[in-house]
Structures are given as structure tokens and as C-alpha cells.
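So the structure is just underneath, and the comments pick up after that.
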Amino acid sequence: MGIFIRNAHVITMDSSTGSEPIVRSIRIENDVVTAVAGDLVPAEGDTIIDGRDRLVTPGFVNAHTHSWETFYKGRYDNLPLEMWMAMAYPILGDSRVEPDLVRLRSTLFAIESLEAGVTTIVDDVLENPTQDWAQLSAVFDAYEEIGIRANISGHVISKPFVDTVPFIAGYLSPEVTSEIRSHPVPTTQEYLAFSRRAFEQYHGRGNGRLRYMVAPSAPQRCGADLLVGATQLATEFDAECHIHVLETKTQLVTGTEMYGGSLVEYMDRIGALSPNTTLAHGIWLTEDDMSMIASAGTSISHNPISNLKLGSGIAPWHALRTAGVNLGLGTDGCSSSDSPRMLDVVKAAALLHKVTNPDFTTWPTVDEVLHAGTVGGARSALLQDTVGTVEVGMQADLVIFDLDTMAFTPRQKLDRQLVYSENGSSIDTVIVAGRIVVEGGRVTTVDRSAVLAELAERLDEIVARQNALDSLNRPLLDVLATMYDRAIATRGTVNRFSDDERAWLV
């Protein structure tokens, strides 16, 4: 028994037809696509899906996100990254999340992702002050039950906050500095031992759907030995190493202050760039940085909506493509972009880079942004032989759109309407590893109503805790604003803001 999709419009994203819609039938057996052709007939016992008035695409790959932020959706605005992090990832106070809330948080995030056509998530799970085994287990348990595909991290920060951003130590009071430094941080040995155990116990769980990945937070937030050790461990287990790099102008300045130059050059020098490495964001890159990244076979996850909301800058899309860097797309977290809807990100990527250069021959094409949202993301997640296309031998991770909706009315060019008109509201069915996990636009693998009821029951408790943490950390915002202003006013090697930087340089 399999699944047979008869005569649907299909965007395969394979090397033959790419994003051009074609009419094909698809057969799925067990968890893989076994046939894609125009003259197929179903096997006896197949579940048949009528493909008339339907569009089938590969499931979208969210190449960078943080499920931690699910409970923080919609809380903050008009805060640059370094100030926003003080609230969404509190520096002061006890913000530990109990495993049962981690399970609820992860389930909510997976429901919204699946219903938006996201079949694979690269979930950079950051727990404060550090991740414990029960928290990590809760994420794997939630994702195994609901049926999503995921790379799940042990995110690690191994330096005190005051040592991760420039100038800040000179602005904090001794009492606050002492309190921040009193928070323990994991050692390299502890983190690598934790990760090795996670690889051995969880990597490949769910018939291969769920994979562990290492995630040194950023080169300025982790020691060189941890960066190198994590890179080597990822290579050993054929897993992703996920690192935030040059998201903001402040981080550009941080590289100069801490290492005397580019953070990318520093990573290359110590051996922390590899084909297994994905750099989240990669905005404030120089041409030399891009060349090093391309030479190392390292990927970048581009997060345009988060970068816009946090005012981080505009990544050099065309220059990265020209350099030969593999690009995926990510939503980032639900507090910095407020949604895991990848179609929003695909559209933002298509639009944002049209205003950075008047040469329209360099503007992103529909094929390019769909490639980044599927094939490119799969490559960055080390899943390029598993997902990202609709072709024989690949895992059956598919999204089926209803074409009898206003987004596709009147029907013109379905690929362009998918990017510019559709936002996920036309999604009818989602299949992951050959299993229908969304039907009629709603998740089928968990009791959605019960999950939402549980959230409603606990929401007052969650918000009260968040409000208390906000009160503790809000006084830090003035200090962080002073640091931010100084960093912004410092001359850098590139400008990734849309305005003329001479307006704020000193």
C-alpha cells in the first residue's frame, strides 16, 4: 500500500525541471517517492489523491530557527539584536524552562510549521542558562510524535555575556558585572561529552527523521577549542554544525575588537569552517569572507524577515551567489520574525534584494528563492540526498496546495503565484516520510485542540514569568543602547544598511 497522487501540477525542484510546473502523477511507497511520471497507474490498495486543481511541491526547509521563542511571539519590537536578546534570552534572572513546557513549546512550533508546509526544521534550541538532558529529550519526543523532520541542536554559549559584545564591560556596574559572571558556563569538555552522548542516543531517531547537531552559538561567544571541537564532532557524525556569524554591525566591530579582523577569517584560521558548517545570517561579510566561505563549502542560512525586524542589515544575496556559496532560507525564531511560515520568508527574499541594486539582471528569480527554500536548505542541513526535491528515491516530504483559492485565481504562472501570492493558506495536505501529517489544512498526528487547551491553561503562568524577567532585564537596555550606538558609529569594512552610513559614523 502506498500513496498515489494522480495528475497534479508539480514543482519538482530537480535538475531537469526546477521550479517550472509540470503535470505528473506521483507514487509513494513506504517513506520514499518511487515514481514521478505522466502515465502512472496506482497499485492495488494505494490511497489515491486526486491531483486535479492541486499543486505539489517539495516540503520547505527552514534552515535556521529557534523553537525557544515560541512563547515569546509578538512581545518585542524596535530593538536591535543585542538589546532584543537581553529580553528574549534574559541575561539576568532564572529563565530555565521545565521539560514539560519544552515539550509543549516544541509541539506548538511543529504544528504551526507543518500547517505552513515546512517539513524540515533546523531547530537551534537554546536553553538558558544551559541545556540539560531532559530538555533535549523533550524536543526529540515532541518531534517524533508529531512527525516533523528536524535537525535539533545543543546550542552552547561558553563565555559570560560581558565577554561577548564590545565595550559593554565599561558601562555595566560592578554589581551587575559580578552577577553576570557568577552564572556558570559549560566547558568545552562538558559540551562535547554531552553532544557525543546525544549523537549516540538520538542521532537518526524516528527512522532517520530526527538528527542531532552541534551549535556553538557564535565565534565571539565560544572559545576556539569549542568551535574546533564541535566542527570535528559534526564531521565525525556526518551532522550539521550551526553557528551565528556576522548578523549585525556590532558583531563586525566585535571581530575587530576581539580578534583584530574578520570573524570569518578567524574561523577559517582555527579550522572552524567546513562543508558541515552552516553560518546563520552572514550579513556583514566582506568579499574575502565570502570567498573563504565558498572555498570551505560552508553554507549560509539567510533570514530576511528577522534581519528586517531587528534592523540587522541586508545580506549580500547576489554577491554570495556569485561567490558560489550555498544559500538556504530560515525564519529565525518566533520572537524575531514572529512566525515559522517559510512562504513569508521566500517572498521577502524575492523582494528585499530587488531594492539593493538597480541592475535588474541581478535581482533574485523565483527559481532562486524556491531553490534556497528547498534544495539549498536541504544542503545546509546535510540532507541534500534526502529531501528538497520531488524525484525518485527521495524521501516523500511533499506539500499539496489547493489551486481553487484566491491566491491562485486567476491561474497564471503557478511558480510565481506560489512565491508572490500564496502565504500557506492554500495548503491542504502535507506529507513527511510518506506519512500524511496535515490533511484539510490541519495537523493529524496530535490532538491540536488539546495542545491549544494546554497552552491556554498555562499561559498566565508563562506570561507572568516573562513579565518578571522583563522587569529584571529592562534596566540593561540603556547600557546596551550605549554600546550599540558606539558600535554603529565605528567605521567598518562594509555597510549593509540601506541608508548612507556617513550619517552615523564618527
Side-chain angles (χ1 to χ4, degrees), residues 60-67 118 120-126 149-156 195 199 203 210-222 226-247 251 263-264 266-268 270-285 289-290 292-304 306-307 312 315-317 320-321 323-333 336 342 345 349 371-388:
F60 290 96
V61 178
N62 189 343
H64 176 66
T65 192
H66 301 282
S67 61
V118 180
T120 299
I121 56 175
V122 176
D123 190 2
D124 191 5
V125 185
L126 192 163
R149 191 180 302 278
N151 285 4
I152 301 163
S153 86
H155 187 115
V156 62
S195 293
F199 275 125
H203 197 53
L210 306 180
R211 294 162 57 89
Y212 181 76
M213 69 177 183
V214 288
S217 184
Q220 72 276 15
R221 299 177 194 143
C222 297
L226 194 152
L227 288 166
V228 174
T231 303
Q232 293 172 343
L233 196 60
T235 301
E236 178 184 343
F237 284 92
D238 189 28
E240 182 178 359
C241 182
H242 201 82
I243 311 174
H244 294 71
V245 176
L246 289 172
E247 183 175 356
Q251 293 174 13
L263 288 173
V264 171
Y266 163 70
M267 293 177 68
D268 187 57
I270 66 174
L273 294 179
S274 79
N276 291 55
T277 304
T278 296
L279 307 183
H281 302 288
I283 299 172
W284 292 81
L285 301 168
D289 291 338
M290 290 183 253
M292 282 183 276
I293 292 166
S295 295
T298 294
S299 297
I300 286 181
S301 172
H302 175 38
N303 309 280
S306 172
N307 299 158
S312 298
W317 170 277
L320 284 164
R321 284 183 49 81
V325 176
N326 176 63
L327 292 173
L329 292 175
T331 63
D332 213 348
S336 64
M342 275 292 294
V345 175
H371 185 280
T374 54
V375 179
R379 163 64 189 87
S380 75
L382 299 188
L383 296 172
Q384 65 271 24
D385 297 326
T386 304
V387 298

Can you tell me how far the CD atom of Glu240 sits from the CZ atom of Arg379, to the nearest 0.5 Å?
9.5 Å
How close do Ala349 and Pro304 get, heavy atom to heavy atom, and via which atoms?
N-CG, 3.9 Å
Rounded distance (nearest 0.5 Å) linking atom OG1 of Thr231 with atom CG of Leu273
8.0 Å
Of all the heavy-atom pairs spanning His242 and Asp124, show the shortest one and how long it is.
CD2-OD2, 3.7 Å
Output the distance between atom CZ (Arg149) and atom CD1 (Ile121), rounded to the nearest 0.5 Å.
12.0 Å
Rounded to the nearest 0.5 Å, what separation is found between the OG atom of Ser336 and the CD atom of Glu247?
7.5 Å
Heavy atoms, side chains only, cut-off 4.5 Å: are Leu285 and Ile300 in contact?
yes
Closest non-hydrogen atoms of Val264 and Leu246, given as atom of the first, atom of the second and distance, are CG2-CD1, 4.0 Å
Given side-chain contact (heavy atoms from CB on, under 4.5 Å), test Thr120 with Thr386 step by step and report yes or no.
CA-CA 11 Å; Thr120 299; Thr386 304; over 6 Å; no
As an exercise, state the distance from OG1 of Thr65 to CG of Asn303, rounded to the nearest 0.5 Å.
8.5 Å
Which atom pair, heavy atoms only, marks the closest approach of Ala234 to Asn276?
O-ND2, 3.4 Å
Evaluate the ring planes of His64 and His281, with Trp represented by its six-membered ring, and classify them as parallel (under 30°), tilted (30 to 60°) or perpendicular (over 60°).
perpendicular
Assess the residue pair Thr331 and Val118 against the criterion (side-chain contact (heavy atoms from CB on, under 4.5 Å)); give the C-alpha distance rounded to whole Å, side-chain angles, the decisive distance to 0.1 Å, and a yes or no.
CA-CA 11 Å; Thr331 63; Val118 180; over 6 Å; no
Provide the closest heavy-atom pair for Val122 versus Ala381 in the form atom of the first, atom of the second, distance.
CG2-CB, 3.9 Å
Quick check for you: to the nearest 0.5 Å, what is the distance between Asn62 atom CG and Asp332 atom CG?
9.0 Å
Residues Ser312 and Asn307: side-chain donor-acceptor under 3.5 angstrom:
no
Contacts satisfying salt bridge (charged side-chain N to carboxylate O under 4.0 Å, His left out) that involve residues 226-236 (not counting sequence neighbours) are Arg196-Glu236
Given Ile243 and Met267, is the side-chain contact (heavy atoms from CB on, under 4.5 Å) satisfied, shown in steps?
CA-CA 11 Å; Ile243 311 174; Met267 293 177 68; 3.7 Å; yes
Please assess Leu383 against Arg211 for the test side-chain contact (heavy atoms from CB on, under 4.5 Å), listing each intermediate value before the final yes or no.
CA-CA 10 Å; Leu383 296 172; Arg211 294 162 57 89; 3.7 Å; yes
Scan side-chain atoms only and decide if Ser217 and His244 contain a donor-acceptor pair under the 3.5 Å cut-off.
no
Between Phe237 and Phe199, what is the ring plane arrangement, given parallel below 30°, perpendicular above 60°, and tilted in between?
parallel
How close do Gly282 and Pro316 get, counting heavy atoms only, and between which atoms?
O-CD, 3.8 Å
Test item: Thr298 side-chain N/O and Ser274 main-chain N/O as donor-acceptor pair under 3.5 Å:
yes
